A.B. asks: 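Take this structure, written in structure tokens, and hold onto it; I'll ask about it next.
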2 protein chains.
Amino acid sequence: MSADPADGTTARPTVVPGQRATRQRAAIGDLLDQLDDFRSAQDIHEELRRRGEGIGLTTVYRTLQALAEAGEIDVLRTAAGEASYRRCSDTHHHHLVCRTCGRTVEVEGPAVEHWAEKVAAEHGFAEIDHTVEIIGVCESCRS
Amino acid sequence: MSADPADGTTARPTVVPGQRATRQRAAIGDLLDQLDDFRSAQDIHEELRRRGEGIGLTTVYRTLQALAEAGEIDVLRTAAGEASYRRCSDTHHHHLVCRTCGRTVEVEGPAVEHWAEKVAAEHGFAEIDHTVEIIGVCESCRS
DNA sequence: GAGCTTATCGACACCGGGTGTCAGTACCGG
DNA sequence: CCGGTACTGACACCCGGTGTCGATAAGCTC
């Protein structure tokens with residue numbers, strides 16, 4: 001979470017001390033960088049195999065899970081209960097998803113954040129966390 | 001969805017024409033009326049068996065699914081990917097859930113509805129649907 | 001660079017929520 | 001009361017995801 005110390009590292013590290021940089025992890029990271037919508041673990045695994053990466057499904061599951069836990073990527077559950085992953089910006093935000101083509105737009109909503117906190121406080125709730133997803137049909141899918 | 005035609009039916013019917021009133025459906029309906037927080041299908045099944053209702057798990061799954069589809073009850077997915085059901089008020093609303101005891105509070109938020117619509121419109125999305133869940137720790141669980 | 005330690009990998013078995021099937025059952029209209 | 005049909009439920013099955021454990025390879029030390 002904290003900013004990089006002032007050494008010359010370039011982008012987001014994805015490498016945590018005590019965690020090794022492996023070909024598989026790099027491949028998943030690269031793929032996530034190239035994609036801009038939510039993909040299931042199986043999708044990602046399949047795509048990597050298609051690209052000739054020798055990688056196991058278990059590894060994909062675990063790596064995605066670890067990335068999600070580290071806050072590197074966002075997870076969301078589809079209606080079918082399947083988990084989808086996507087690399088997202090650091091800032092807190094929510095998603096606008098097209099139910100037809102799956103296109104995703106990140107949206108910020110200070111209004112919602114405030115509303116959530118206010119409502120929670122009114123009912124005596126603390127340590128608030130919230131999920132907001134908006135699902136609809138995007139312009140190009142409507143035509 | 002549409003209001004009842006002007007005959008003398010009392011409360012919410014749960015009975016749709018072409019759908020039969022069975023003991024099992026009634027039992028599920030009754031139980032849902034008595035509960036006021038989200039329960040998994042398996043919970044509900046177990047509770048019904050405990051009460052001596054002879055009812056199959058499959059039936060519970062299907063009935064809950066049908067009720068959810070008809071808008072009679074609300075569904076939400078737990079972090080584990082399990083579906084939870086609860087009978088809710090007719091009006092559109094969201095939930096404030098205690099992550100410790102599971103207590104649920106229904107909250108309304110015109111502000112969020114407007115925000116969602118506005119944001120969606122700005123990005124050319126239509127036929128909007130949205131989910132908002134706030135999770136925290138309630139007052140009694142904090143002490 | 002060699003050697004060693006240890007995190008990581010991945011094939012495979014397994015788990016558990018949920019669904020499809022299909023014969024038996026029980027509503028409900030006539 | 002009877003027949004047709006919606007519903008039921010035991011059971012097999014599906015599939016996303018996790019645990020296991022021997023094999024592998026990253027990275028440190030010398």
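Below, chains carry the letters A, B, ... as their sequence lines are ordered, and counting in each starts from 1. What you are looking at is a predicted structure, and each value in this text was computed from that prediction instead of being measured.
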A.B. asks: Could you state the atom-to-atom distance from CZ of B/Arg25 to C1' of C/dC28 in whole Å?
C.D. replies: 14 Å
A.B. asks: Over all strands shown, is B/Ala41 touching base, sugar-phosphate only, or nothing at heavy-atom distances under 4.0 angstrom?
C.D. replies: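 No contact at all - B/Ala41 keeps every heavy atom at 4.0 Å or more from the nucleic acid.
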A.B. asks: B/Gln24 side chain N/O closer than 4.0 Å to the phosphate oxygens (OP1, OP2) of D/dC7?
C.D. replies: no
A.B. asks: Is the distance from OP1 or OP2 of C/dG17 to the nearest side-chain N or O of B/Gln42 less than 4.0 Å?
C.D. replies: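 Indeed, a polar side-chain atom of B/Gln42 lies that close.
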A.B. asks: Does a side-chain N or O from A/Thr59 land closer than 4.0 Å to OP1 or OP2 of C/dG10, or not?
C.D. replies: yes
A.B. asks: Could you give the CD-to-C1' distance, from A/Glu82 to D/dC14, as a whole number of Å?
C.D. replies: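 Going from CD in A/Glu82 over to C1' in D/dC14 covers 13 Å.
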A.B. asks: Contact class for B/Thr58 vs. all strands (heavy atom < 4.0 Å): base, sugar-phosphate, or nothing?
C.D. replies: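 Result for B/Thr58 = base.
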A.B. asks: Which part of the nucleic acid, if any, lies within reach of B/Ile55 when heavy atoms closer than 4.0 Å are counted: base, sugar-phosphate only, or nothing?
C.D. replies: sugar-phosphate
A.B. asks: Separation of A/Leu57 atom CG from C/dA13 atom C1', in whole Å?
C.D. replies: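 Value for this atom pair: 14 Å.
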A.B. asks: Does A/His92 have more than 12 heavy atoms from other residues, nucleotides or ligands lying within 6.0 Å of its NE2?
C.D. replies: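 Counting neighbours around NE2 of A/His92, more than 12 heavy atoms of other residues, nucleotides or ligands fall under 6.0 Å, so yes.
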A.B. asks: Using OP1 and OP2 only, check whether a side-chain N or O of A/Arg23 sits under 4.0 Å from C/dT8.
C.D. replies: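 So the side chain of A/Arg23 is outside the cut-off, no N or O lying under 4.0 Å from OP1 or OP2 of C/dT8.
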A.B. asks: Taking any heavy-atom pair under 4.0 Å as a contact, classify B/Ala83: base, sugar-phosphate, or nothing.
C.D. replies: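 Here B/Ala83 touches the backbone only, sparing every base.
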A.B. asks: Of all the heavy-atom pairs spanning B/His130 and B/Ala116, show the shortest one and how long it is.
C.D. replies: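 Closest heavy-atom pair between B/His130 and B/Ala116: ND1-CB, 4.2 Å.
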A.B. asks: Roughly, in whole Å, what's the span from OH in B/Tyr61 to P in D/dT8?
C.D. replies: 16 Å
A.B. asks: Taking CD in B/Gln34 as the centre, count heavy atoms belonging to other residues, nucleotides or ligands within less than 6.0 Å. Is the count above 12?
C.D. replies: yes
A.B. asks: What integer distance in Å separates B/Arg62:CZ from C/dC22:C1'?
C.D. replies: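 The answer, rounded to whole Å, is 11 Å.
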A.B. asks: About how many Å separate CG of B/Asp129 and CD of B/Glu127, when rounded to the nearest 0.5 Å?
C.D. replies: 10.0 Å
A.B. asks: Mind calculating the distance between CG (B/Leu48) and C1' (D/dG9) to the nearest angstrom?
C.D. replies: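 Going from CG in B/Leu48 over to C1' in D/dG9 covers 14 Å.
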A.B. asks: Pairing donors with acceptors under 3.5 angstrom, does anything connect the side chains of A/Glu106 and A/Ser89?
C.D. replies: yes
